[in-house]
Amino acid sequence: MRILLAFAALFIFTAAQAQKTFQIYGTVTDSASAEKRVGSIISEKNGAALAVTNTSGSYSISVPEGKHILVFTHAGYEKKEIELMVNSNLLLNVELLYAPVMGEAKVVAEKVENIANSSQMGSISVPIQTIKKMPAIFGETDVLKVLQLLPGVKPGMEGTSGLYVRGGSPDQNLILLDGTPLYNVSHLYGFFSVFNTDALNQVELIKGGFPARYGGRLSSVLELTMKDGNMRKFRGSANLGLVSSNGTLEGPIWKNKISFIVSARRTYLDALYTPLMRAATLNPYAKQGYYFYDLNGKLNIKPNANHQILISSYMGDDKFYNNVKPYKFLYDGVVYENEEKDELNWGNRLASVRWNHRISPRLFGSAIANYTRYRYRVYQMSRHSEQSDTGVLSNQYAQDFRSQVRDWGARYELDYTPNNKHSAKAGMSLIAHKFSPGATVYNLNDPQAGQKLDSTIGSAAIQAIENYVFIEDDMVLGHRWKVNAGLHYSQFWVDKKLYHALQPRISMRYLLNRDWAIKASYARMQQYIHLLTNSTVGLPTDLWVPSTRDLKPEFSNQVSLGVAKTLLKKYIFTVEGYYKTMQNVLDYKNGATFYNTYETWYKKVEAGLGRSYGLEFFLQRKIGKLTGWVAYTLSKTDRKFTTINFGERFPFKYDSRHNIAAVMVYDINEKHTLSATWIYATGNAFTLSSVRFNAMDADGNIAQVETYDKRNQFRGADYHRLDISLIRHYPKKFGELNLVAGLYNAYSRRNPFYYQFGTDNYNNKVLYRTALFPILPFFSCNIVFK
Amino acid sequence: MVFSCQKVEKIEKVGTITPKLVVNSVAEDGDVFEFVVSKSLSSLDNAPIKNLKNAKIKLYREGLFVEDILWDNIDQTYYSKAKAEYGKAYKIEVSAPGFKDVSAACTVPRPAPILAKTLKVKGKNTVVYNWGSGSRIYGSYTNAELTFNFQDEGGVKNGYLFTVEEVWDGPSSGSGRYTPRWNYNMPGLEYVYDYQSSMSGGGFYFLDDALYDGKNVQVKLSRESDEYSSYNYRYDDDSVVAFQINLYTLSTDLFHHDYSVRLYNSTQDDFFQEPVQIYSNILNGYGVFGARSFSTADIPFP
């Protein structure tokens, strides 16, 4: 309470000071589409940055009365200088011109944001334009796979899109799409992410030094902002790929007032596969296949400069099916009818309504209500009937397994900029969770056998309430210090038990000179939900579960220290070291199995400790003909449980000592773009039985066992891969046609996917390594309608 | 499509595996120590595991040397002359040519007699069956609650292993026994189903005494039904005649070792099961040097 009063006093004091100055406020948008620009920098000419646009593209700065030249910059855009005579508060909405290929002679955003200016640590944003130009497996541009190339981020297995950030597991990533959490972010067991890059405006990953406004996960915040839709004119794009195609359409419904954007993607492997399979099996009723789809939609209503309403939605599903359509046949005077279904599907639903409103030149408010759901379902059904002169015999069996998590949430946040030395935020959030970790509905009807069953077996649904409040202030203290300090207080009600935690956050910057800065941060994070997984590729055995009376919330403490420098006005260079401890992380106990129906899920898991530390080097260039980055991470992460590995620490499965990533996107000229990525990582840690011996039980019986000395003691082969692509741009009357050709795994490295014991031709036991993708050429076609 | 690209390669090694001595011995009060000594092999070594005959075992009691134990060609094993005694601490040092020396220690636990036992059968099924000259009534239950008590020895670390067997008799399968799965809500109690156990049913309960040191321990078990299942060999016309409680007090290391072995045996052919590590107290080697004691009690079916 005292801390809150102190913040309130600070606001009053700074507000009083601010009376001597005037406020300039507004939004920064793209000149062609009126799309907001997040992270644009507003500075006084030849002066330091005064403000950065927030996730709504808004800013607010204080200037004294008189003449000023304000400079607005955004990576990839022409900078804009505006001269003003300020003698009152002023609404100033600014439009920037996008400069897609930046010749050195052009006067565009001549420098990237000065990394030394910000107090934020462990945060990286990757321009969507860069992501779109990077090579991708099957030509499917994938945001998550690009993020895997950042320092401190480790991919899971070959080709998958899991993110392991600073030694954390994928459930420790808070992934927000337009401010709403998504639980499952991958298709096809992780080979593709659910995000359609054509519909995205901004991607930012925070790995440490978390501002107080974020909470609920230990390891990272990934904030993805969808485009709001073009306010000026209709625009579309289509991507035709080997595996899937997608299309995006955006435009004004009411020019400069209401816009929309819709985006859809679907794979078509099933359409190709089903006819082939029917021909092969000679069964015209068989229907086998797999597909996934994504649908994004957004409505942007901007009645005036001070109000904006954004309605976003997303839905996506994966579906495997192996069905036999209903069919009849006559045999020996009896009409037989059969039908079979064997289906597995999982997917997300998400919807949100956000209301952004400027309350005053210094105060900006944002309210959001949202819903998110992740569900997977395994459905099996068989139906059989025989109709003859004597009557009808029929039986039916169905089994329907479902697991899902649903959230209903509401949040309100305020941005308050009393002057240029303070930028404060405060807010509150309420989330109602409903977890259904898994229940099976059995339905059996066989009158002839006298059997009838309609029963539900499995874990009962669990309801929980999670809420939090936060307050933070980004403070400029003198010329050298900048501090972002805040508090995040959260509560979680479950099973008549209340968990709560006060989580302090602080990030500090000390400016050594104009371009060099030392940064340090501390963040305590608490997490109330967990993903139980005994697989790395998002199999449906994964269960989202809450903390319970017996299973306490996970929490972490992370400290970071680093230096940051802007080099030659075009490069960002950072070195960061971090040390993170995690408590109450969950893992399955020895011998626990997903299919053991005797035990409920919480009896199969054990809570333990995690530890992660490392050093990250990052050199990034965001503007110019050549963009990209080089990243190197030296890290170690381990786990410790009371019974697992007999209480000794063991490497986390994705512990990796060395990770290197090099990304290059080179706009050769206006017609050609060449891009390449190279990644290297120390091999993953596996548990493989390494030794065989005779073991005696307490009855004195001896039997042979195959076991291992330490968990995750086996190291897979190192991973490395080169991907390259070439894009040919064809300007057309309707817009642009881009042809993409490339090679995934250009030198065909056989990277390990998994290891497994088997037997050879002489029945000897041998270990096999399975590699998934050799060199894979890919092609895609991108059409942009302007 | 994705998996059509995969390529499988043979790997020659699972790291560097140095063979180690494997020593197994479970002692009981009043019995001589028997040792089975062998060596470990790499998982990829397809050779059979043979017992070693050239090991030397030194036995110590309460820190004092007792005897050298050598291979007995007549008995084809390693037998001590000394007998195990309750409460005594024993240590062994084992050497064999080509292997690193190993050692281990254990204390022979005292038995924990079953002090009290009760059985409540809430619902009872009876079947009248004519057998031979007369008719007999065969009983089973729909709800049963079984409770028993024992005293843990204070200040001594050990663990308990128990089974609760359903004993039946009847015309279809004759007399037999089975370890049904009981429900429980007791801190520290773990159930393991050992598929490899020679005991019918293979259900074992493990209780670490860490939470119950020096206490009178009460175990409460309940069971809703004894319906015929694929694991139950009893037919409907077999009558439950009793429950038998078998309580083993295990030295701490044997407790952990036995738990891991039975857990390992419970993981057969389950792709999704987490791997199990086998606990060993043999320093620089594998196996177990442990001791146990035994108590039992019957509860007649009402």
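In the text below, chain A, chain B and the rest are named by the order of the sequence lines, each starting its count at 1.
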Atom group of [X] that falls short of 4.5 Å from chain A, counting heavy atoms:
X: B/Ile278; value: both
X: B/Val36; value: side chain
X: B/Val261; value: side chain
X: B/Leu263; value: side chain
X: B/Val288; value: side chain
X: B/Asn183; value: neither
X: B/Ser280; value: neither

* Between B/Gly287, B/Ser260, B/Pro275, which has the largest tally of heavy atom pairs under 4.5 Å with chain A? ->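 If we count pairs closer than 4.5 Å to chain A, B/Pro275 comes out on top.
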* Among A/Asn645, A/Thr687, A/Asp709, which one satisfies side-chain hydrogen bond (donor to acceptor under 3.5 Å, both in side chains) with B/Gln277? ->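 Of all the options given, the one that passes is A/Asn645.
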* To do: For residues B/Val26 and A/Met696, report the shortest heavy-atom separation together with the two atoms involved.
  =>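 Taking every non-hydrogen atom into account, CG2-SD, 3.6 Å.
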Hey, what do you get for [atom1] ([X]) to [atom2] ([Y]), rounding to the nearest 0.5 Å?
X: A/Arg692; Y: B/Leu41; atom1: CZ; atom2: CG; result: 5.0 Å
X: B/Asp208; Y: A/Thr643; atom1: CG; atom2: OG1; result: 11.5 Å
X: B/Leu161; Y: A/Asp699; atom1: CG; atom2: CG; result: 7.5 Å

* Which portion of A/Ala703 sits near chain B, non-hydrogen atoms under 4.5 angstrom ->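 Neither part.
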* Where on A/Arg715 is there a heavy atom nearer than 4.5 Å to chain B: the side chain, the backbone, both, or neither? ->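 Contact with chain B involves no heavy atom of A/Arg715 at all.
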Return yes if some donor-acceptor pair links the side-chain N/O of [X] with the main-chain N/O of [Y] below 3.5 Å, else return no.
X: B/Ser43; Y: A/Val691; answer: yes
X: B/Tyr286; Y: A/Ala695; answer: no
X: A/Asn694; Y: B/Ser38; answer: no
X: A/Asn590; Y: B/Val276; answer: no

* Asked: Does atom NZ of A/Lys589 have more than 12 heavy-atom neighbours, drawn from other residues, nucleotides or ligands, at distances under 6.0 Å?
  ->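 Yes.
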* Heavy atoms of other groups near A/Lys765 NZ, more than 12 under 6.0 Å ->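 Enclosed.
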* **Salt-bridge criterion met for A/Asp697 and B/Arg292 (N-O under 4.0 Å)** =>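 Result for this pair is no, no salt bridge flagged.
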* What residue in A/Gly758, A/Ala698, A/Gly700 has the most heavy-atom pairs under 4.5 Å with chain B? ->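 Heavy-atom pair counts peak at A/Ala698.
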